[in-house]
Amino acid sequence: MPIYEYRCPSCGFQKEHLQKMSDQPLSSCPSCGSTGYAKLLSAAGFQLKGSGWYATDFKGGGSSTAAPSPSTATPSAPACAGGGCACH
């Protein structure tokens, strides 16, 4: 269920509410009882990054990028070489 953020213009009370998408928006402020309690627009709680799950996570789905051939690939150092990680 999504979390919606509401604010009352009368008293400034602001709170997050867990609601179903099919529920009616709240209209009464729980703090002062005003009927101006309104849903706010806020940023999403997740980000989509990378090449996408759809390209790599289904069985039988081909990858859109070709893997480099062994002759052109450059060898890479281990992840923690040079103290770049927190394990040392």
Side-chain angles (χ1 to χ4, degrees):
M1 280 196 293
I3 298 173
Y4 296 103
E5 193 172 7
Y6 286 82
R7 179 184 290 158
C8 177
S10 299
C11 68
F13 180 76
Q14 187 169 333
K15 186 176 179 185
E16 294 177 341
H17 296 276
L18 183 67
Q19 293 181 289
K20 292 181 183 177
M21 291 180 76
S22 60
D23 287 349
Q24 292 295 319
L26 301 175
S27 59
S28 177
C29 174
S31 179
C32 71
S34 172
T35 57
Y37 205 46
K39 193 183 295 187
L40 300 175
L41 240 97
S42 55
F46 68 96
Q47 295 179 353
L48 300 175
K49 293 183 178 180
S51 61
W53 58 269
Y54 56 87
T56 59
D57 289 349
F58 288 116
K59 183 178 179 180
S63 176
S64 62
T65 59
S69 64
S71 62
T72 61
T74 58
S76 61
C80 62
C85 68
C87 67
H88 296 296

Common cluster, Leu18/Leu40, ILVMFWY with side-chain heavy-atom separation under 4.5 Å: no
Least distance between heavy atoms, Cys11 atom then Cys8 atom: N-SG, 3.6 Å
Heavy-atom closest contact (Pro9 atom, Gly36 atom, distance): CD-O, 3.1 Å
Side chain to side chain donor-acceptor pair (under 3.5 Å) pairs, two or more places apart, involving residues 10-21: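 Qualifying pairs, neighbours excluded: Glu5-Gln14, Tyr6-Gln19, Arg7-Gln14, Ser10-Ser34, His17-Tyr37.
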Note, Phe13 side chain near Pro30 side chain (heavy atom, < 4.5 Å): yes
Residues in side chain to side chain donor-acceptor pair (under 3.5 Å) contact with Tyr4, at least two apart in sequence or another chain: none
